[in-house]
Amino acid sequence: DKENCEAVWTESLVHVEQQAWSVAGPRFALAASCFMRAAASARTDIENMEKAVVADALKKQRIAATQKRVETAEHRLAQSAFNAASTYLRLGDKPTALSHVDVAAEHPLLKEKAAVLRTTIEKLP
């Protein structure tokens with residue numbers, strides 16, 4: 001199920017374990033897209049909850065839980081993009097690797113690792 005982001009992510013890791021780089025790269029890219037949609041959906045849920053007419057305590061609780069979903073999805077998106085970049089590096093696909101590493105670099109927890117990976121990717125012919 002390509003909409004089950006965690007399943008796609010886990011499948012991608014299995015392909016890495018098997019060193020099936022040509023399969024892992026596109027699957028990580030698919031996971032990144034899935035997590036991007038999941039984060040956007042959660043942000044929409046927050047917007048809708050903010051407009052809802054419910055008790056303030058309940059609203060705050062639901063918004064906090066949904067914000068956690070946003071943060072988790074954004075982190076997984078960055079991890080998926082980083083792993084896709086690493087995989088495409090192994091395949092020698094410099095343009096695709098660069099596009100994914102730039103997505104990973106947007107997340108504060110992966111910014112430094114992505115910068116190091118970008119340097120390595122840029123050394124490809």
Open item on the list: Could you report the tightest heavy-atom contact between Asn4 and Cys34, atom names first, then the distance?
Closed with: C-SG, 4.2 Å
TODO: Heavy atoms only: give me the nearest Ser22-Pro26 pair and the separation to one decimal.
DONE: O-CD, 3.2 Å
Open item on the list: I need the Phe28 CZ to Asn83 CG distance, nearest 0.5 Å.
Closed with: 4.0 Å
Task: Reported CG-to-CD distance for the pair Leu13 and Glu11, which is rounded to 0.5 angstrom - done: 10.0 Å
Donor-acceptor contacts under 3.5 Å from residues 53-61 side chains, at least two apart:
from	atom 1	to	atom 2	distance (Å)
Lys59	NZ	Glu50	O	3.2
Lys59	NZ	Ala52	O	2.9

Open item on the list: Can you give me the closest heavy-atom contact between Val101 and Ala114, atom names plus distance?
Closed with: CG2-O, 3.3 Å
Task: Pairs where residues 65-77 contributes a residue and the test salt bridge (Lys or Arg N to Asp or Glu O under 4.0 Å) is met, not counting sequence neighbours - done: Glu6-Arg76, Arg43-Glu74, Asp45-Arg69
Task: Rounded distance (nearest 0.5 Å) linking atom OG of Ser86 with atom NZ of Lys113 - done: 8.0 Å
TODO: Give a yes or no on whether the backbone of Ala7 and the side-chain of Thr10 come within a donor-acceptor separation of less than 3.5 Å.
DONE: no
Open item on the list: With a sphere of 6.0 Å drawn around CD of Gln18, does it hold more than 12 non-hydrogen atoms of other residues, nucleotides or ligands?
Closed with: yes
- [ ] Could you tell me the separation between the CG atom of Leu30 and the CZ atom of Phe35, rounded to the nearest 0.5 Å?
- [x] 10.0 Å
Open item on the list: Please enumerate all residues that pass ring pair (Phe, Tyr, Trp, His ring centres under 6.0 Å) together with Tyr88, with sequence neighbours excluded.
Closed with: His100
Task: Between OG1 on residue Thr72 and CG on residue Leu77, distance to nearest 0.5 Å - done: 12.0 Å
Which donor-acceptor pairs under 3.5 Å do the side chains of residues 115-125 make with protein atoms, sequence neighbours left out?
from	atom 1	to	atom 2	distance (Å)
Arg118	NE	Asp102	OD1	2.9
Arg118	NH1	Glu122	OE2	2.4
Arg118	NH2	Asp102	OD1	3.1
Arg118	NH2	Asp102	OD2	3.1
Thr119	OG1	Ala115	O	3.1
Thr120	OG1	Val116	O	3.3

Task: ring pair (Phe, Tyr, Trp, His ring centres under 6.0 Å) partners of Trp21, counting only residues at least two apart - done: none
TODO: Locate the shortest heavy-atom distance separating Ala31 from Ser80; write the atom from each residue and the value.
DONE: CB-OG, 3.6 Å
TODO: Might you point out which heavy atoms bring Ala104 and Ala78 nearest each other, and give the distance in Å?
DONE: CB-O, 3.5 Å
TODO: Quick one: pull up CD1 in Ile46 and CZ in Arg62 and give me the separation to the nearest 0.5 Å.
DONE: 13.5 Å
Open item on the list: Quick check: closest heavy atoms across Gly25 and Ala84, and the distance to 0.1 Å?
Closed with: O-CB, 4.1 Å
TODO: Could you check Arg90 against Gln19 for side-chain contact (heavy atoms from CB on, under 4.5 Å), going step by step and ending with a plain yes or no?
DONE: CA-CA 10 Å; Arg90 287 180 176 272; Gln19 297 183 0; over 6 Å; no
Open item on the list: Are Leu91 and Val103 connected into the same hydrophobic cluster when the rule is that any two of I, L, V, M, F, W, Y join if their side-chain heavy atoms are below 4.5 Å apart?
Closed with: yes
TODO: Could you tell me which residues satisfy ring pair (Phe, Tyr, Trp, His ring centres under 6.0 Å) with His107, sequence neighbours excluded, listed by chain and number?
DONE: His75
